[in-house]
Amino acid sequence: MTDPVPAGLDGEIRDGRHQLAVRIYYEDTDFSGVVYYANYLRFLERGRTNYLRLLGADQRALFEETAREAPGFAFVVRSLAIDYRKPARMDDVVVVTTTPVEVKGASITLAQTVTRDDVLLVEATVRVAFVSGGRARPIPKALRLAMKADQDGAAGA
């Protein structure tokens, strides 16, 4: 069975998991023709960014409320653990899956995978902190509840 290729430029959220299809281009590879290890970090970042974009796009008022409560807010990577299992090559279509694991006061922990045809290529755990005004701040309640709902959705799937 092959990975379902998520529809849409930003991927989609299904059962509490965000999925994003990424085509591997020549520029993503190293001299041996496999994806250069650091480029997986870019793919994972796209997955996290689009997850938050879709969360906000589906609930635009939620992001507007967050912006009023914490102007200039952003999520920044606090820690990342990554395990490279198998390579991807040029022209592969991989699926980046982002799943919320834990939502706490000022941070969220996400599990991320990169797969090709149901084969696990990369596995990562990323902790991102919510910042506003250059300092870590508690994630506003409405946004935390939306992420928590996705976390609960992923646990039930």
Side-chain angles (χ1 to χ4, degrees), residues 1-30 33-64 66-67 73-104 106-131 139-140 142-157:
M1 180 176 146
T2 60
D3 290 330
V5 176
L9 183 61
D10 293 329
E12 64 184 350
I13 297 175
R14 259 192 249 160
D15 300 323
R17 293 176 177 87
H18 177 263
Q19 293 187 312
L20 174 70
V22 175
R23 179 170 304 279
I24 305 302
Y25 294 101
Y26 178 76
E27 68 191 27
D28 298 319
T29 64
D30 63 16
V34 301
V35 172
Y36 181 65
Y37 79 96
N39 287 333
Y40 287 103
L41 298 176
R42 293 183 320 138
F43 304 154
L44 296 173
E45 177 69 31
R46 287 181 207 164
R48 290 190 305 275
T49 299
N50 287 331
Y51 165 66
L52 290 171
R53 177 178 290 120
L54 288 181
L55 192 62
D58 291 340
Q59 302 172 37
R60 182 155 308 278
L62 167 72
F63 264 48
E64 289 171 0
T66 301
F73 76 92
F75 285 94
V76 297
V77 173
R78 171 84 166 84
S79 64
L80 178 129
I82 191 165
D83 187 16
Y84 301 95
R85 297 177 179 248
K86 296 187 187 244
R89 293 176 165 54
M90 189 170 68
D91 287 332
D92 284 351
V93 174
V94 299
V95 176
V96 178
T97 302
T98 303
T99 307
V101 174
E102 181 178 49
V103 180
K104 297 199 312 190
S107 69
I108 180 170
T109 302
L110 302 159
Q112 292 191 278
T113 59
V114 178
T115 56
R116 178 193 58 238
D117 297 330
D118 290 331
V119 174
L120 180 62
L121 306 179
V122 172
E123 190 170 29
T125 302
V126 184
R127 186 170 161 218
V128 293
F130 181 85
V131 296
I139 299 170
L143 185 55
R144 189 171 54 250
L145 290 174
M147 287 189 272
K148 177 88 170 85
D150 265 4
Q151 178 188 353
D152 292 344

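In this text the structure is predicted, and so the values were computed from the model without any measurement. Counting from 1, the numbers follow the sequence of the chain as shown.
Going from atom CZ of Arg23 over to atom CE of Met90 covers 11.0 Å, rounded to the nearest 0.5 Å.
Within the 4.5 Å cutoff, no side-chain heavy atoms of Asp30 are placed close to those of Asn39. A heavy-atom distance below 4.5 Å is found between the side chains of Val94 and Leu121.
With hydrogens and angles disregarded, no donor-acceptor distance shorter than 3.5 Å links the side chain of His18 to the backbone of Pro100. Of the possible donor and acceptor atoms, none in the side chain of Asp92 sits under 3.5 Å from a partner among the backbone N and O of Ile24.
Checking Gln112 against Thr98 by side-chain atom types alone, a donor-acceptor pair falls below 3.5 Å.
Applying the ring pair (Phe, Tyr, Trp, His ring centres under 6.0 Å) test to Phe43 and every residue at least two apart in sequence or in another chain returns Tyr40.
Within 6.0 Å of the CZ atom in Arg46, the count of heavy atoms belonging to other residues, nucleotides or ligands exceeds 12. Heavy atoms from other residues, nucleotides or ligands lying under 6.0 Å from OH of Tyr84 number more than 12.
Of the charged side-chain nitrogens involved, at least one lies within less than 4.0 Å of a carboxylate oxygen, so that Arg48 and Glu45 count as a salt-bridged pair.
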Worksheet entry | Stepwise side-chain contact (heavy atoms from CB on, under 4.5 Å) test for Asn50 and Val96 | CA-CA 11 Å; Asn50 287 331; Val96 178; over 6 Å; no
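Applying side-chain contact (heavy atoms from CB on, under 4.5 Å) to Arg89 and the options Thr29, Val34, Val35 leaves one that passes, Val34.
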